[in-house]
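As structure tokens, the structure follows; a few thoughts come after it.
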Amino acid sequence: MAKPSYNTPLGMVDILPDETPMWRTLEQIIHEEAAKFNFQEIRTPILEPTELIKRGVGQLTDIVTKEIFAFQKGDTHYVLRPELTAPVVRSYVQHHLDQRGGVQKLYYIGPMFRAERPQKGRQRQFHQFGLEVIGSADPVADIETIAFMMQIYERIGIKNFTLKLNSVGDPESRERYKNVLKEYLEPYRTQLSELSQQRLDKNPMRILDSKEPEDQKFIDKAPIIQDYLNEDSALHFEQVKNGLNMLGISYILDPYLVRGMDYYTRTAFELSSPDLGSQDALAGGGRYDLLVEEIGGKPTPAVGFAAGMERLLIACEELNISLTDSTKLDVYVVSLGNAARQWALGYLPILRAHGMSASMDYSGRSMKAQMKEANRELARFTLIVGEQELQDEQFVLRDMEQSTETKGSLDELVSLLTKPLS
RNA sequence: GAGCCCGUAGCUCAGUCGGUUAGAGCGCCAGGUUGUGGCCCUGGAGGCCGUGGGUUCAAUUCCCAUCGGGCUCCCCA
């Protein structure tokens, strides 16, 4: 029998110490920008009731029909959350956040789960950041949501992308449009892809999103929703576009952008990048004015987006953008002999109390090996301690970048260390 | 759910038209410098050639299966 061997589950990865710095940098950027926009962080459980996701995301969506990790404990059915809009709204309703007054401006960062075949830019556990503005129907909310999303990419330096924008209308506009669309497509029913034939009955607008070649010629000539928006929705869309124009955020109008979640109303948008390969969506979102009520709250308008963090990092790699801040070690204490080693162990806390990062050999190795390790850890200084130094209370501080050494008392050397480095 | 590709050292990859002890670069460890890193030199450790079966005198190499991984379609972050 072979040695036991364990791996991460399919489509899930370990984020190793080489990679965590860029994740932390990205997370920090998100937190900082969210603070500038006055958004507050929300954290919700990894598990949610199956019913919430089914109702929230939509029974017929791909996410619900084939991508959910579901399990049961006793009589309770759970899923690993596949997205966070429905859970955040659940939390909003559960904790009566509407009673706090004003508009809730929430953001989140965390892992999501979808049981798909993994490929580039697609994992079964992946990470999203996003935000939800709950309680405002005003176009300003849509505009700020998109502006925040763009600000993250702007700050990181990703500029090669396309922002697609559409309005999928309010229920009234949408109902009218659906009927028109259905009427238009019905004569071609048998010529549509198999999938789209099913959509024709259940959710005809999703046909617009189809990438099946046989559907394309019908989509190209299909009526567009803009012509069927009622006055309110048309005005809302105009105001969103005007706001984006004013902010200098460029976009292209895509009347066939529908998106995969059922809850979207009015504004829908998607950010895609040519640097990602096949899975090219960096982020997407829109308005969901019906979801809060659908989940059990009062009718409450809302808008939000979600962005894929792995995809953002892939784009960074393609563009040679480094998010890795070089975290250096301030002092590595090199010790020779047992007495010196004990002394070093006792001295580390003092260095740390001065605000420095400090480390030492954990293996009882030679001086040369310790110097090599100090070098590998990118130590700025080594403090060299042997029997002689302990006796004379004169220590050697080696600047590893300059390759220079200073001899002196601990007080003298520490004052050197705590001076701002050039 | 379907298709294509790939599994040889920690990593990136050679190689074997089937034939004794399977290689390189990088990395790791040690020595060259009995108290000094990065460069250089020398040496060392580290592989059941993914796993199981078949063909064969002989399989890491050929065949089959299986497991693992990557990419693609659909759809999404």
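Residue numbering restarts at 1 for every chain, and letters A, B, ... go by the order of the sequence lines. Scope of the values below: all heavy atoms of this structure, side chains included, with no hydrogens, waters or symmetry mates.
Heavy atoms of A:Thr61 sit nowhere under 4.0 angstrom from any nucleic acid atom. A:Gly130 comes within 4.0 angstrom of no nucleic acid atom, judged by non-hydrogen atoms across all strands. Looking at heavy-atom distances under 4.0 Å, A:Gln123 makes contact with a base. Heavy atoms of A:Ala283 sit under 4.0 angstrom from primed sugar atoms or phosphate atoms, though from no base atom. At the heavy-atom level, A:Arg398 lies under 4.0 Å from base atoms of the strands shown. A:Glu83 comes within 4.0 angstrom of nothing in the nucleic acid, heavy atoms only. Within 4.0 Å (heavy atoms only), A:Glu373 reaches no atom of the nucleic acid at all.
A heavy-atom distance below 4.0 Å to RNA chain B is reached by these residues of residues 304-321 of chain A, ordered by number: A:Ala306, A:Gly308, A:Arg311. Using a 4.0 Å cutoff on non-hydrogen atoms, no part of residues 155-166 of chain A comes near RNA chain B.
Comparing B:C4 with B:C40, their C1' atoms are spaced 47 Å from each other, to the whole Å. As rounded to the nearest Å, B:U34 and B:G25 have P atoms that lie 28 Å from one another. B:A9 and B:A45 are spaced 11 Å apart, taking the C1' atom of each and rounding to whole Å.
Checked by atom type and distance alone, the side chain of A:Asn245 pairs as donor or acceptor with a backbone atom of A:Lys241 at under 3.5 Å. Side-chain atoms of A:Tyr264 never come within 3.5 Å of backbone atoms of A:Phe269 as a donor-acceptor pair (strictly under, hydrogens ignored). A:Ser273 places no side-chain N or O within donor-acceptor distance of the main-chain N or O of A:Asp280, the cut-off being under 3.5 Å. Not one N or O on the side chain of A:Ser196 forms a donor-acceptor pair closer than 3.5 Å with the backbone of A:Leu192. In this structure a side-chain-to-backbone donor-acceptor pair under 3.5 Å is missing from A:Asp399 to A:Thr404. Remark: side-chain polar atoms of A:Glu33 are not paired, donor with acceptor, to backbone N or O of A:Ile30 under 3.5 angstrom. A donor-acceptor pair is defined here as one N or O able to donate and one able to accept, closer than 3.5 Å; such a pair exists between the side chain of A:Gln123 and the backbone of A:Gln125. Side-chain atoms of A:Tyr332 come within 3.5 Å of backbone N or O of A:Asp361 as a donor-acceptor pair. In terms of modelled atom types and a separation under 3.5 Å, the side chain of A:Tyr251 and the main chain of A:Thr162 share no donor-acceptor contact.
Ranked by how close their nearest RNA chain B nucleotide is to the 5' end, A:Gly386 and A:Leu271 are led by A:Gly386. When the nearest nucleotides of RNA chain B are assigned to A:Ala379 and A:Glu67 by heavy-atom distance, the more 5′-ward of the two goes with A:Ala379.
Within the 4.0 Å cut-off from OP1 or OP2 of B:C29, at least one side-chain nitrogen or oxygen of A:Arg376 is found. Residue A:Arg117 places no side-chain N or O under 4.0 Å from the OP1 or OP2 atom of B:G70. Contact annotation: A:Gln119 does not reach the phosphate of B:C75 (side-chain N/O to OP1 or OP2, under 4.0 Å).
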* Asked: Going through the distances and angles, do A:Phe39 and A:Phe148 end up as a ring-ring contact (aromatic ring centres under 6.0 Å, His included)?
  -> CA-CA 10 Å; A:Phe39 289 109; A:Phe148 174 78; 5.4 Å; yes
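Across the protein-nucleic acid pair, A:Leu397 atom CG and B:U36 atom C1' stand 13 Å apart, rounded to whole Å. The CE atom of A:Met12 sits 13 Å away from the P atom of B:G70 (whole-angstrom rounding). Remark: C1' of B:G70 and NZ of A:Lys120 are 11 Å apart, rounded to the nearest angstrom.
Partner of A:Leu413 under the side-chain contact (heavy atoms from CB on, under 4.5 Å) criterion, out of A:Val396, A:Val331, A:Leu397: A:Leu397 alone.
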* To do: Give the dot-bracket string for RNA chain B, reading 5' to 3', where a pair is Watson-Crick or G-U wobble with both distances under 3.5 Å, ( ) marks pairs inside the strand, [ ] marks pairs crossing earlier ones, | marks a partner on another strand, and . marks unpaired.
  => (((((((..((((.....[...)))).(((((.......))))).....(((((..]....))))))))))))....
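With a 4.5 Å cut-off on side-chain heavy atoms, A:Arg287 and A:Asp142 count as touching.
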